[in-house]
Amino acid sequence: MPLWDAAVNHGATRPCNPELRPKGWAADQPFDLWAVDHRAQAMCTEMHRLGVWVDQAARTVLHREYAIRAGKRLIRIEDRLGGLDWVRQPPPTLLSAFNPNSADQFRDLLYEYLALGPPPGMKPEEFLTETGLPSTEGRVLRAHLARGDVARSVKELVLDLMLYRRETTKVLGTMLGPLVVARLPSDGRVRSTWKAHVTSGGRLSSQGPNLQNAAKKAGLMRLRAVFAAAPGRILLAGDMKQAHLRIIANEWRVPSLRDAYLQGHDPYLVTAGAIFGEK
């Protein structure tokens with residue numbers, strides 16, 4: 001018995017609204033949640049098989065640029081360390097061999113030798129790690145930058161430390177480092193693992209690397225140019241056109257959303273009108 005028939009016969013699926021059936025959906029294939037899910041999984045598998053070509057020339061330029069930037073920032077960090085007013089004087093060995101990417105050294109610097117303490121209003125479970133140590137993660141550091149009781153020299157140091165971490169660990173280590181030729185298959189492509197069962201609303205996720213969230217911040221947008229079309233190829237962009245709302249409209253049988261799609265209206269405007277009243 002075919003997989004689709006077995007699923008239907010055992011009640012493992014639910015028919016989808018036939019009015020929303022895609023035009024390219026095979027006539028002999030059931031249009032139900034089981035079939036839609038398997039189609040999504042097949043798409044993820046195919047995307048992984050194809051991979052994404054890496055423009056090594058662009059990668060090399062960016063790698064050199066960020067390495068130089070990180071080196072200059074490290075010099076600035078060392079200068080800032082020499083001009084701080086310490087609550088407790090750190091040992092010379094810490095200052096002479098300070099590693100901003102060392103969580104232990106970073107933690108000692110902020111909380112033992114500068115005695116910052118928890119940011120005002122931050123809950124203990126937000127400030128402390130699972131092991132009970134003060135945190136040096138991004139949201140805690142950003143909270144320190146917003147404090148009114150911290151000297152400007154300390155805030156400038158914290159900001160440079162945050163940016164150095166991002167440039168060396170995230171950009172050079174996590175994003176650009178794994179894309180060097182020696183670490184890629186012979187076809188020069190990187191292959192992310194795509195999943196359809198992690199995020200909500202029917203969206204996909206990817207990892208190894210995360211191609212969706214790579215360089216979303218404005219200052220890192222140039223990193224996306226590394227993922228390019230191979231010679232003789234072009235990239236085409238596609239949009240799923242509010243797929244999550246289509247799923248909601250179909251699964252929950254929401255009349256206003258169904259009518260919006262069937263009549264070609266903007267579903268967001270329809271929702272806004274239902275909440276705030278039509279004008």
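For this chain, numbers begin at 1 and follow the sequence in order.
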| How many angstroms lie between atom CE of Met175 and atom CZ of Arg59, to the nearest 0.5 angstrom? | 14.5 Å
| request: Using modelled atom types only, decide if a donor and an acceptor are shared between the side chain of Arg107 and the backbone of Thr136 within a distance under 3.5 Å. | output: no
| said: Distance check, rounded to the nearest 0.5 Å: Tyr164 atom OH versus Leu159 atom CG? | reply: 15.5 Å
| query | Is the number of heavy atoms from other residues, nucleotides or ligands within 6.0 Å of CD (Glu46) greater than 12? | reply | yes
| Pro209 backbone acceptor or donor facing Ser192 side chain under 3.5 Å | yes
| task | Work out which heavy atom in Leu179 is nearest to a heavy atom in Gln56; give both atom names and the distance. | result | O-NE2, 2.7 Å
| Is a side-chain N or O of Arg191 found less than 3.5 angstrom from the main chain of Arg49, in a donor-acceptor match? | yes
| request: Using a 4.5 Å cut-off on heavy atoms from C-beta on, say whether the side chain of Leu109 contacts that of Leu157. | output: yes
| query | Yes or no on side chain to side chain contact (heavy atoms under 4.5 Å, CB included) for Arg76 and Glu156, after CA distance, side-chain angles and deciding distance? | reply | CA-CA 10 Å; Arg76 187 158 62 245; Glu156 291 174 341; over 6 Å; no
| field | Donor-acceptor pair, side chain of His38 and main chain of Trp34, under 3.5 angstrom | value | yes
| task | Would you mind reporting whether Tyr113 and Leu95 have side-chain heavy atoms less than 4.5 Å apart? | result | no
| said: Any heavy-atom pair between the side chains of His197 and Asp37 that's under 4.5 Å? | reply: yes
| remark: Distance col, row Met122:CE vs Leu128:CG, nearest 0.5 angstrom, shows 10.5 Å
| request: Report yes if the side chains of Trp53 and Asp187 come closer than 4.5 Å at any heavy-atom pair, otherwise no. | output: no
| query | Cluster question for you: counting only ILVMFWY and a side-chain heavy-atom cut-off of under 4.5 Å, with indirect links fine, are Trp86 and Phe98 together? | reply | yes
| Sub-4.5 Å side-chain heavy-atom contact between Leu116 and Arg147 | yes
| query | Tell me, do Pro90 and Asp108 make a side-chain contact under 4.5 Å, heavy atoms counted? | reply | no
| Is the Phe127-Tyr111 ring centre distance short of 6.0 angstrom? | yes
| task | Give a yes or no on whether Asp149 atom CG has more than 12 heavy-atom contacts from other residues, nucleotides or ligands under 6.0 Å away. | result | yes
| task | Taking all non-hydrogen atoms of both residues into account, name the closest pair between Pro178 and Gly173 and its distance. | result | CD-O, 3.2 Å
| Do Ile77 and Pro100 have side chains that get closer than 4.5 Å, going by heavy atoms? | yes
| Testing Lys155, Arg165, Arg73 for side chain to side chain donor-acceptor pair (under 3.5 Å) with Asp160, which one passes? | Arg73
| Any sub-3.5 Å donor-acceptor pair from Thr174's side-chain atoms to Thr169's backbone N or O? | yes
| Can Leu84 be reached from Leu145 by stepping across I, L, V, M, F, W or Y side chains whose heavy atoms are under 4.5 Å apart? | yes
| task | Would you sort out whether Val36 and Phe31 count as a side chain to side chain contact (heavy atoms under 4.5 Å, CB included), showing the intermediate values? | result | CA-CA 7 Å; Val36 171; Phe31 182 53; 3.9 Å; yes
| How long is the span from the CD atom in Glu137 to the CZ atom in Arg142, to the nearest 0.5 Å? | 8.5 Å
| Would you say Leu94 and Gln105 make side-chain contact, with heavy atoms under 4.5 Å? | yes
| task | Please report the closest heavy-atom contact between Leu235 and Phe227, naming both atoms and the distance. | result | CD1-O, 4.3 Å
| Gap separating the OH atom of Tyr261 from the CG atom of Asp266, nearest 0.5 angstrom | 8.5 Å
| Any donor-acceptor pair under 3.5 Å linking the side chain of Arg39 with the backbone of Trp25? | no
| query | Looking at Arg21 and Ala26, what are the two nearest heavy atoms and their distance? | reply | NH2-O, 2.8 Å
| task | Might you point out which heavy atoms bring Val140 and Pro119 nearest each other, and give the distance in Å? | result | O-CG, 4.1 Å
| message | How long is the straight-line distance from CD of Gln29 back to CG of Asp32, given to the nearest 0.5 Å? | response | 8.5 Å
| said: Quick check on the hydrophobic clustering: are Leu176 and Leu163 connected, directly or via other members, by side-chain heavy-atom contacts under 4.5 Å? | reply: no
| remark: Taking every heavy atom of Leu184 against every heavy atom of Arg189, the minimum-distance pair comes out as CD2-O, 3.8 Å
| query | Linking I/L/V/M/F/W/Y whenever any side-chain heavy atoms sit under 4.5 Å apart, do Val171 and Val52 land together? | reply | yes
| What about Val226 and Leu172, same hydrophobic cluster or not, with Ile/Leu/Val/Met/Phe/Trp/Tyr joined at side-chain heavy-atom distances under 4.5 Å? | yes
